[in-house]
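First the structure, in the form of structure tokens, and then the observations on it.
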Amino acid sequence: MSALLSSSLTPPLYLSQKPLFISLKNPSLLSFRKPQPRKAQFVSAKSNGGDSADPGDRLISAVCYFYPFFDGVQYGKYLITQFSPIQTLIQPLLPAIRVFKSFPLNGFLVFLTLYFVVVRNNNFSRYVRFNTMQAIVLDVLLIFPDLLERSFNPRDGLGLDLLMSLDSTVFLYLLVCLIYGSSSCLLGQVPRLPIVAEAADRQVL
């Protein structure tokens, strides 16, 4: 009786184990899949206070460097009359320079606008505020050659030669700052002008 029972139970037990044996030898038959690791997604965020450099920021920053150049263009009176390439370079800017120089307080009004509306306004990115502050500091430095010229104002001789050299140096520095600063801004780079960059950093938080 026991042998009959064992013989009747053996095939089902064997058959029930066989699929399990096959499924283990062939993993493709299993319905379980190993979970794949999820790829990390990086989302870049840009705030108004960051160092963003979108096209609008680049344009505003580039235009700001015309302010000290227009305010100090008179220092190029010796170079402009002697070198025709500089005349050709300045010629397209003459209408804007005439408008800027048409009213004596235009420079001061532009200074107030740039400082209080742009530099002190956190709605603008730090990129715009830093470049604007560099232009402002550069314009403030023009006080020193102006004081020297008003104090001495030589008419001839060695004094006049020194004054011409000083004025020409100031003009070339302003021209280089304009070209370097504006072109860098249009390319989305951060120009750091000698003498004024550290002062601008201290003013822009």
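Bear in mind the structure is a predicted one, so any value in this text is a computation, not a measurement.
- Of all heavy-atom pairs spanning V110 and Y67, the tightest one is CG1-CD1, 3.5 Å.
- In terms of heavy-atom proximity, K77 sits nearest to D167 at NZ-OD2, 3.2 Å.
- The CG atom of L175 sits 7.0 Å away from atom CD1 of I86, with the distance rounded to the nearest 0.5 Å.
- For P68 against L174, the heavy-atom pair with the smallest separation is O-CD1, 3.9 Å.
- Here the side chain of Y115 pairs no donor or acceptor atom with the backbone of T132 at under 3.5 angstrom.
- L160 and L148 are not part of a single hydrophobic cluster, where members link through side-chain heavy atoms under 4.5 Å apart.
- Across Y65 and S182, no two heavy atoms sit closer than the pair CB-OG, 3.7 Å.
- Follow the hydrophobic side-chain contacts under 4.5 Å out from L186 and you never reach Y127; the two are in separate clusters.
- In terms of heavy-atom proximity, A135 sits nearest to C64 at CB-O, 3.4 Å.
- Of all non-hydrogen atoms in F130 and D201, the two that sit nearest each other are CE1-OD1, 3.3 Å.
- Of the inter-residue distances, the one linking R129 atom CZ with N121 atom CG reads 8.5 Å to the nearest 0.5 angstrom.
- One hydrophobic cluster holds both L89 and L178 under the rule that ILVMFWY side chains link at heavy-atom gaps under 4.5 Å.
- Checking side-chain atoms of Q134 against main-chain N and O of G181 turns up no donor-acceptor pair under 3.5 Å.
- Screening Y78, Y75, F69, F83 for a ring-ring contact (aromatic ring centres under 6.0 Å, His included) involving F171 leaves a single residue, F69.
- Here the rule is side chain to side chain contact (heavy atoms under 4.5 Å, CB included) with S168, and of L79, L163, I80 only L79 fits it.
- Taking CZ of R192 as the reference point, atom CG of N131 lies at 10.0 Å (rounded to 0.5 Å).
- Clustering ILVMFWY residues whenever any of their side-chain heavy atoms sit less than 4.5 angstrom apart, transitively, puts V176 in a cluster other than the one holding F70.
- For the residue pair R120/Q203, the side-chain donor-acceptor check at 3.5 Å is satisfied.
- At a threshold of 4.5 Å between non-hydrogen side-chain atoms, the residues I195 and Y173 count as touching.
- Note that the CG atom of L162 and the CG atom of L158 stand 4.5 Å from one another [nearest 0.5 Å].
- V140 is connected to L142 through a chain of hydrophobic side-chain contacts under 4.5 Å among Ile, Leu, Val, Met, Phe, Trp and Tyr, so both are in one cluster.
- No donor-acceptor pair under 3.5 Å is formed between the side chain of D57 and the backbone N or O of V128.
- At distances below 3.5 Å, at least one donor-acceptor pair connects side-chain atoms of Q74 with backbone N or O atoms of D71.
- Summarising the geometry, atom CG belonging to L141 is positioned 12.0 Å from atom CD1 belonging to I136; distances are rounded to the nearest 0.5 Å.
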Discussion item. Run the side-chain contact (heavy atoms from CB on, under 4.5 Å) test on L193 and V137 for me, step by step, so that the C-alpha distance in whole Å, both residues' side-chain angles and the decisive distance to 0.1 Å come before the verdict.
Written reply: CA-CA 10 Å; L193 304 181; V137 175; over 6 Å; no

Practice prompt. Could you walk me through whether I97 and I90 pass the side-chain contact (heavy atoms from CB on, under 4.5 Å) test, one step at a time?
Written response: CA-CA 9 Å; I97 293 174; I90 302 299; 4.2 Å; yes

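- Of the inter-residue distances, the one linking M133 atom CE with L114 atom CG reads 10.0 Å to the nearest 0.5 angstrom.
- By the 6.0 Å contact criterion, CD on E198 is open, its count of non-hydrogen atoms from other residues, nucleotides or ligands being 12 or less.
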